[in-house]
Amino acid sequence: MTQRELDSYVFRPKEVPGDEIATMAGRTTNGKEMPPRLTAGNLPRISPESCQHIYENTERDSAYRQYALTDNLLSGHDDVEVALIAYRPADAPKVIADLQAALPRCTAYAGPVDMTDGFEHPKVLPDPHLGDQAVEYRITEKIDGTEGTLRAPFHFLVVRKGAVIAWFMAQGFPGEKADLPMGVINAQLAKLP
C-alpha cells in the first residue's frame, strides 16, 4: 500500500465534528510531510528487550501515519492517538503475534528517553473481536519526579485488518481511568479496506 492510499483512510475534519486532528507522523492536513525514519537500525530501544514489541512493535519501512484526535469539548470522548501502518501482507499477522507473546512475559519496562521512567503492570483484556486480529490491553506509566512517583493509565487497542494495523491509545490522568472511544475506533476501522 502506498502512503497516498494509507492517507486516504485517515479521518477528515468533517467526519469527526468536535475533534481537532493533529498529525504526529505522515502527511499533515495542509500537505506537509512528517515522515518517520524508523528502521531496524534506529528503532528506539527499551529495557528489557523482551518488551520491545509492546513499546514499538517493529520498524516501519512502508506507509505510516500517526495522528491525534483532540476533544474540544464537543465530541464527548477522551483524546485518542491513532497510528495506521501498512505492512507487507505476510508480515502483518506476525506483528500481532509478537505483541501477544510479549504482553504476558513483560511485567515492566523502562526507556527509551529516560530509563528512570517506564511502564508496568500490563493487563490483557478479552479479545475484542475486531478486524482480522486484535489485542486490547491496559498499562500504567510510572513517572518519577521531584514530588514523588506518579502513575498514569493507558488503554491500547491494536487491530489488524488485512495488511494494515491500526494502533489506538488513550491516556488518563493519574488516579483516573483511561478509556478508548469505541465510536471513533469503529468509524476508523470501517474506513480501512
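Criterion: ILVMFWY side-chain heavy atoms under 4.5 Å apart, direct or through other members. Under it, Leu125 and Leu157 are not part of a common hydrophobic cluster. Note: the hydrophobic cluster containing Val124 also contains Met169 (ILVMFWY, side chain heavy atoms under 4.5 Å, direct or indirect links).
To the nearest 0.5 angstrom, Asp91 atom CG is 9.5 Å from Ile165 atom CD1. Remark: Leu84 CG to Leu192 CG distance equals 6.0 Å, nearest 0.5 Å. Separating the CG atom in Leu180 from the CZ atom in Arg138 is a distance of 7.5 Å, to the nearest 0.5 Å. In this structure, NZ in Lys123 is found 11.0 Å from CD in Glu136, a value given to the nearest 0.5 Å.
Relative ring orientation between Phe154 and Phe119 is described as perpendicular, the plane-to-plane angle rising above 60° on a 0-90° scale split at 30° and 60°.
For Glu120, the salt bridge (charged side-chain N to carboxylate O under 4.0 Å, His left out) partners are Arg151, not counting sequence neighbours. With sequence neighbours excluded, the residues that form a side chain to side chain contact (heavy atoms under 4.5 Å, CB included) with Pro193 are Met1, Tyr9. Annotation: side chain to side chain contact (heavy atoms under 4.5 Å, CB included) contacts of Pro122 (sequence neighbours excluded): Leu103, Ile139.
When all heavy atoms of Gly172 and Ala178 are compared, the pair lying nearest together is N-CB, 3.4 Å. The two residues Asp127 and Ala134 come nearest to each other via the heavy atoms OD1-O, 4.0 Å. Closest heavy-atom contact between Arg88 and Ala163: C-CB, 4.4 Å. Of all heavy-atom pairs spanning Gly162 and Ala92, the tightest one is O-CB, 3.9 Å.
Inter-residue side-chain proximity for Phe168 and Gln188 is flagged as met; some heavy-atom pair is nearer than 4.5 Å. By the 4.5 Å heavy-atom criterion applied to side chains, Leu99 and Phe156 are not counted as neighbours. Counting heavy atoms from C-beta on, the side chains of Asn186 and Leu130 come closer than 4.5 Å.
Side-chain N or O atoms of Arg4 include none that pairs as donor or acceptor with a backbone N or O of Leu6 at under 3.5 Å.
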